[in-house]
Amino acid sequence: MSKEITSRQQDYSQWYNDLIIKSGLADYSAVRGCMVIKPYGYALWENMRDELDRMFKETGHQNAYFPLFVPKSLFEKEEENAEGFAKECAVVTHYRLKVNPDKKGALMVDPESRLEEELIIRPTSEAIIWNTYKSWIQSYRDLPLLINQWANVVRWEMRTRLFLRTAEFLWQEGHTAHATAEEAVAETKQMLEVYADFAEHYMAMPVIKGVKSANERFAGAVDTYCIEALMQDGKALQAGTSHFLGQNFAKAFDVKFSDKQNKLDYVWATSWGVSTRLIGALVMAHSDDDGLILPPRLAPIQVVIVPIFKGEEQKRLIDEKVVPLMKELKAVGIKVKYDDSDHTRPGWKFAEYELKGVPVRIAVGARDIEKNLVEVARRDTKGKLNMSLDGLAINIEKLLHAIQENIYNKAFSFRETHITNADAWDDFVRLLDEKGGFVSAHWDGTGDTEDRIKEMTKATIRCIPLNNQQEDGNCILTGKPSTQRVLFARAY
RNA sequence: CGGGGCGUAGCGUAGCCCGGUUAUCGCGCCUGCUUUGGGAGCAGGAGGUCGCAAGUUCGAAUCUUGCCGCCCCGACCA
């Protein structure tokens with residue numbers, strides 16, 4: 001065993017780190033808080049990105065790219081947004097280095113190169129984008145403006161975790177402008193649906209759609225909608241957000257349009273984003289102590305074929321079967337890899353591809369070929385069965401669908417059994433401590449109560465679910481009247 | 001930024017308390033042969049600023065001081 005993974009039970013955090021590193025998704029880097037996304041991890045991100053990008057375009061959005069740097073004077077224009085991010089901004093103050101006269105071979109910041117105005121490295125791009133939109137929008141005919149950008153952003157975090165929270169991360173941010181509030185709200189909700197659809201159908205990860213409480217709302221937003229997922233350790237994870245920004249940014253950046261009656265008004269805005277954090281979510285939602293379990297629809301490799309042979313002659317016979325099989329599989333759109341390298345033996349390959357979470361493994365040996373069979377192993381259940389070489393591609397395709405469905409169902413039933421009602425404070429605390437997951441409880445609607453609950457239990461309101469059932473009750477902490485339950489959880 | 005832990009070959013480690021030739025072991029790597037249905041075996045081989053810098057000493061991986069880096073837990077946050 002050359003690649004030991006810490007078990008989830010032993011140390012969940014270490015299990016997560018082991019998985020990321022040993023499966024080859026990412027690596028630590030020489031920069032504190034920043035990671036290297038390795039080819040396998042980046043391939044996974046590309047698959048996620050491509051699907052999302054397609055969905056954005058289907059809903060009428062176009063991609064563009066805005067600068068990494070935001071002049072401080074622009075950044076501070078929308079006050080709430082600026083203050084919300086102030087504590088985690090990297091700031092460029094100089095534009096030049098010079099040879100250090102006191103230390104050979106060393107460079108120093110040239111004190112004479114101080115910028116007249118500091119540049120903020122974007123933690124998000126509302127400021128630079130709304131400053132630009134001002135010149136793009138004059139008339140209702142320019143609306144709606146539906147733009148997305150794929151970019152990196154920097155948030156100077158105290159404590160980082162691979163994929164879940166790094167100082168620099170990759171994401172997409174959609175920024176739209178609309179003529180009416182209704183239209184902007186509809187856009188906000190539409191993108192939330194896109195995210196939920198992606199999470200459930202591609203990541204096989206069930207999510208709860210909801211609205212954030214005021215405390216958890218995006219700085220500068222009127223409403224923040226979110227999708228919340230549940231990880232195997234019972235902690236919640238915000239997987240995506242979609243914000244209705246009202247006219248806050250339009251007012252801060254003076255973006256007005258003339259309507260059909262030639263009346264001037266500020267435009268209505270939205271922004272929405274998901275990041276490489278989704279990879280962390282994917283890992284924690286499905287994987288086990290043997291490695292990753294990737295959903296077939298996103299896996300960089302969906303099927304790996306491992307030949308088992310003694311000598312050149314057998315290898316040649318296997319090749320004769322595998323080459324056409326590869327063609328068949330590719331013809332039905334399956335991403336297949338034939339690992340016929342002779343550097344490692346079959347057993348090593350089995351373990352390695354399990355670690356990497358490849359959904360299906362096909363082993364082909366001389367014995368199988370005599371019987372016109374292959375051994376098919378699925379990663380999610382570890383089950384093995386023999387399948388005929390005839391019509392194999394179709395059966396593998398079916399199997400991939402079944403795996404996609406199975407890991408979704410598994411995650412779904414875990415999630416369903418981890419939403420628990422609490423009506424008494426003691427139960428509330430005990431559920432958080434002992435069971436984890438979402439605790440559904442009444443709340444008096446005040447930020448103060450939410451803060452106190454967070455202080456006492458480390459749990460926050462993850463969201464108020466959309467279409468939430470209305471029922472009379474009493475706040476779990478204060479006993480004040482409440483009309484609905486909200487979801488509490490400890491979160492990443 | 002507080003608490004804890006760690007830094008010795010690509011990875012994981014022994015040695016450190018109690019200073020003393022050539023720094024231990026495993027995995028990985030290279031060569032060759034045998035192997036191949038769950039992380040192969042044998043033989044040979046390469047690979048080291050012991051995190052960095054000062055200090056103590058005849059002599060430092062080991063003792064002292066300072067610094068750096070990373071991981072885990074907390075505060076903060078997506």
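To find a chain, count down the sequence lines: A is the first, B the second, and so on, and within it residues start at 1.
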### Task
Respond yes when some side-chain nitrogen or oxygen of A/Arg345 is under 4.0 Å from OP1 or OP2 of B/rA40, and no when none is.
yes
### Assigned partner base of B/rC52, Watson-Crick or wobble definition, under 3.5 Å
B/rG66
### Task
State whether a side-chain donor-acceptor pair under 3.5 Å links A/Asp233 with A/Tyr16.
no
### Query
Hey, would you say the A/Trp45 and A/Phe163 ring centroids sit under 6.0 Å apart?
no
### Query
Going by atom types alone, do A/Thr344 and A/Glu352 pair a side-chain donor with an acceptor below 3.5 Å?
no
### C1' spacing across the pair B/rG59 / B/rC76, given as an integer number of angstrom
50 Å
### Task
Give a yes or no on whether a donor-acceptor pair under 3.5 Å exists between the nucleobase atoms of B/rG38, that is its base, and the side chain of A/Lys384.
yes
### Query
Mapping A/Glu216 and A/Asn386 to their closest nucleotides on RNA chain B, which lands nearer the 5' end?
A/Asn386
### Query
Does one side chain, of A/Ser242 or A/Thr188, offer a donor that lies under 3.5 Å from an acceptor on the other?
no
### Task
Verify the contact: side-chain N or O of A/Asn17 to OP1 or OP2 of B/rC72, cut-off strictly under 4.0 Å; return yes or no.
yes
### Query
Quantified in whole Å, what is the P atom distance between nucleotide B/rG66 and nucleotide B/rG26?
38 Å
#### Entry: Distance, C1' atom - from B/rU13 to B/rA23, rounded to whole angstrom
13 Å
### Message
Distance check, P atoms only: B/rC50 and B/rA43, in whole angstrom units.
### Response
31 Å
### Task
Rounded to whole angstrom, note down the P distance from B/rG28 over to B/rU49.
23 Å
#### Entry: Watson-Crick or G-U wobble partner of B/rC33, both distances under 3.5 Å
B/rG41
### Query
Does a nitrogen or oxygen in the side chain of A/Lys87 sit under 4.0 Å from OP1 or OP2 of B/rC76?
no
### Task
Would you classify A/Asp11 as touching base, sugar-phosphate or nothing, given that sugar-phosphate means primed atoms plus P, OP1 and OP2, and contacts are heavy atoms under 4.0 Å?
nothing
### Query
So, for A/Phe488 and A/Phe428, is the gap between ring centers shorter than 6.0 Å?
yes
### Message
Roughly how many Å apart are B/rU31 and B/rG47, using the C1' atom of each and rounding to a whole number?
### Response
15 Å
### Query
Which base sits across from B/rG10 as a Watson-Crick or G-U pair, both distances under 3.5 Å?
B/rC27
### Message
Could you check whether the side chain of A/Arg361 and the base of B/rG38 have a donor-acceptor pair of N or O atoms closer than 3.5 Å, going by distance alone?
### Response
yes
